[in-house]
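Single-structure report; data block below.
By convention in this document, chain letters (A, B, ...) are assigned in the order of the sequence lines, proteins followed by strands, and residues within each chain are numbered from 1.
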There are 2 protein chains.
Amino acid sequence: MPLPTIEWEGGVNGRVRLIDQTLLPNELKYVYCDDTKSIWHAIKTLMVRGAPAIGIAGAMGVVLGVKEIQAKDADAFLKELKRVTIYLGSSRPTAVNLFWGLARMERVAQENKDNSVQEIKEILLQEAIKIENEDKAICRQIGENGAGLIKDNNGVLTHCNAGGLATADYGTALAVMFKAKEQGKRFKVFADETRPLLQGSRLTAWELMQAGIDVTLICDNMAAHVMKQGKVQCVIVGADRIAANGDTANKIGTYGVSILAKEHGIPFYVAAPVSTFDLSIKSGNDIPIEERSPEEVTNGFGKRTAPEGVKVFNPAFDVTPAKNIAAIITEKGIIKNPSVENIQRVLGNHVS
Amino acid sequence: MPLPTIEWEGGVNGRVRLIDQTLLPNELKYVYCDDTKSIWHAIKTLMVRGAPAIGIAGAMGVVLGVKEIQAKDADAFLKELKRVTIYLGSSRPTAVNLFWGLARMERVAQENKDNSVQEIKEILLQEAIKIENEDKAICRQIGENGAGLIKDNNGVLTHCNAGGLATADYGTALAVMFKAKEQGKRFKVFADETRPLLQGSRLTAWELMQAGIDVTLICDNMAAHVMKQGKVQCVIVGADRIAANGDTANKIGTYGVSILAKEHGIPFYVAAPVSTFDLSIKSGNDIPIEERSPEEVTNGFGKRTAPEGVKVFNPAFDVTPAKNIAAIITEKGIIKNPSVENIQRVLGNHVS
């Protein structure tokens, strides 16, 4: 059972407790956020990361934000609430779950505007906790739905971290592996270290080792060689935003892995909750790609490893076209050969 | 004019001076090697690296080795010399230039065995210096031959470091860029950082900046995204060993880049001296791949970045099949669509 990445402590005037993922695996430290500024900072600096976990952090951030709203009536309250969600949404532009979580909190406030301000605050807290509990159930279901894709003696390659740390507790891509392990399957995992921030070596390797799964760490640029050696039978990754046609934004490097998988005839799977779909976006071309600071590349871990003044390009995500994806594993089922039609068929009216 | 990576100082009882490339770009420090043990260590720990430079280091290592041979006659001397070359050859198994350099030194000793031991020592020193001077001329010629492949306003992607630091002074892949720059062409270079040892960020970015070439540093896993954005018109890399059919061993990650280039319709070029060809090897399947220490991956930045006890796979090289290579740029000319026949046609009897 993975550790809880993020939890709410106390009532409407409570606070958020989260694992500072930037310090793993060397140190397991909890950080407490009392206000929107501290949770914004925690999201921005990747103390909390992973699309579903960011959705929860956003929802809990809203609860932190409304703590201080002194509005007399619901209209004034909703106006203040809008300011809170816009502010929180500015922390990370690519992960749609953040906007999904914020929008859901706003909608609930709107739907309950006939209540007193104090009652709305209580309802919002319950909603944030509900989102977290739903996420736990969703992750378990993704694991159930996907586990059959891993066969005995398979090698599975994953990129970045779509594990318990990225969600309420069980992960998306890693949920599939956790479940296959529970089913008694024998398989090996290759974890790409995932430069620049090494979520693969720091987080994925750590989580899989804790679960007793056979994991081997490789640098990102070794994936092609490992595939050529016949050591990989499937790739499973998470997602940060999926467009209506199935094009998928995920951690930088994912697109390259999808090309390598295709070249070697290896199926490439994406595991993600329905909340990761953004059907307002037609294709991957329209997904905004966050660019992050050059220092993540040049000063990896407290030590300068590139010449002073060098130009750096540091996109945090890339887009894998649907044609490179064999299937998307969701809590509603597996979407094979993702396309507008195939996505609609599985998701039905679970997305707007 | 790049700095000399490696030079001989003094006469037959002299020493080797080399740049400790592991400290770049933070520190430019020279290391002096007085005996075979210290040059073996310098090659093994990558103080000196890059296929052509390792060939020179091996040849100069032989001169260090024969300093102490107290043989009375040539036969005894040649027997001792064999011990020296076997020892030096154990430092790095993949780069063929090392074995090429050692074999050339042995052959010269053999051809001159009618001379006195002292004379043979002098002849070997002259041969090592000749190898270095030839390498300079070869690199210039590779630059001349390849520069036409870079067009105005091109983006050029390179992996690892095949620059002046990897050779006597001008590089192989980077020679092409240095020459194109001298011809007044405008182009941009994307340098893969090249995990685990970051030769791209530490060495290539540094060399290109010194030459006034527009260089942007990226992590290895960003290459696919950069290509998709249309920013790359050709890839140029070096080589550590080329089989008779054109299959090419180079720094780990090169094979993956070749697949990404193919996917995006971008020509993939290898720049290497004739000494990099090993016609005794039929295909890339027979090239030995050096595996290096797990700590290069887990403690890459002077700080532990992976869980204690995690399994690591750390191959230092991979093999790019000839079919992914548009051309190999040598000092004898450009080999388009490398194959046994096309290689023989350009190299003629310049290789045995």
Side-chain angles (χ1 to χ4, degrees), chain A residues 24-26 159 190-196 198 201-202 205-206 209-210 214-226 228 231 251-260 262-264 289 294 297-315 317-319, chain B residues 24-26 159 190-196 198 200-202 205-206 209-210 214-226 228 231 251-260 262-264 289 294 297-298 300-315 317-319:
Chain A
L24 287 174
N26 295 323
H159 188 76
F190 290 91
D192 281 356
E193 65 171 13
T194 317
R195 280 282 284 154
L198 303 174
S201 44
R202 294 191 301 106
W206 185 71
M209 285 172 80
Q210 290 210 326
D214 183 332
V215 56
T216 300
L217 176 64
I218 58 172
C219 295
D220 301 308
N221 64 23
M222 296 168 187
H225 182 65
V226 171
K228 195 183 191 183
K231 291 179 176 167
K251 179 55 56 197
I252 186 73
T254 304
Y255 168 53
V257 173
S258 79
I259 296 169
L260 302 179
K262 191 172 66 169
E263 171 80 7
H264 294 91
I289 299 295
V297 178
T298 58
N299 293 50
F301 287 80
K303 184 175 158 185
R304 182 94 195 169
T305 54
E308 291 293 340
V310 68
K311 279 202 288 188
V312 174
F313 180 50
N314 183 20
F317 301 91
D318 59 23
V319 174
Chain B
L24 287 173
N26 295 322
H159 188 75
F190 290 92
D192 282 356
E193 66 172 11
T194 318
R195 279 283 282 154
L198 303 174
S201 45
R202 294 191 300 106
W206 184 70
M209 285 172 80
Q210 290 209 327
D214 182 333
V215 57
T216 299
L217 176 63
I218 58 172
C219 295
D220 300 307
N221 64 23
M222 296 168 187
H225 182 65
V226 171
K228 194 181 190 183
K231 290 178 177 169
K251 181 53 57 196
I252 186 73
T254 304
Y255 168 53
V257 173
S258 78
I259 296 169
L260 302 179
K262 192 172 66 167
E263 171 80 8
H264 295 92
I289 299 295
V297 177
T298 58
F301 305 84
K303 184 177 159 183
R304 182 95 196 167
T305 54
E308 290 294 339
V310 69
K311 280 202 287 189
V312 174
F313 180 50
N314 183 21
F317 300 91
D318 58 23
V319 174

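To the nearest 0.5 Å, atom NZ of residue A:K303 and atom CG of residue B:L198 are 9.0 Å apart. Taken from CD in B:E263 to CG in A:L260, the straight-line distance is 9.5 Å, to the nearest 0.5 Å.
The candidate from A:I289, A:T254, A:L24, A:D214 with the greatest count of non-hydrogen atom pairs under 4.5 Å with chain B is A:D214. In terms of non-hydrogen atom pairs under 4.5 Å with chain A, the most contact-rich of B:R304, B:H159, B:E308, B:K251 is B:R304.
For A:D220, the part sitting under 4.5 Å from any heavy atom of chain B is the side chain, from C-beta outward, and nothing else. Proximity to chain A (any heavy atom under 4.5 Å) is shown, for B:V257, by neither the backbone nor the side chain. Interface residue A:M209: only side-chain heavy atoms are found under 4.5 Å from chain B. When heavy atoms are compared at a cutoff of 4.5 Å, A:K262 approaches chain B solely by way of its side chain, counted from C-beta outward. Only the side chain of A:P25 has a heavy atom closer than 4.5 Å to any heavy atom of chain B. Contact of A:N314 with chain B is made through backbone and side chain together, with heavy-atom distances under 4.5 Å.
Relative ring orientation between B:H225 and A:F313 is described as parallel, the plane-to-plane angle staying below 30° on a 0-90° scale split at 30° and 60°.
Contact of the A:L217 side chain with the B:V297 side chain is registered, since non-hydrogen atoms from C-beta on lie closer than 4.5 Å. Looking at heavy atoms from C-beta onward, B:T305 lies out of side-chain contact with A:E193 at the 4.5 angstrom threshold.
Across every non-hydrogen atom of B:S201 and A:P307, the tightest pair is O-CD, 3.0 Å.
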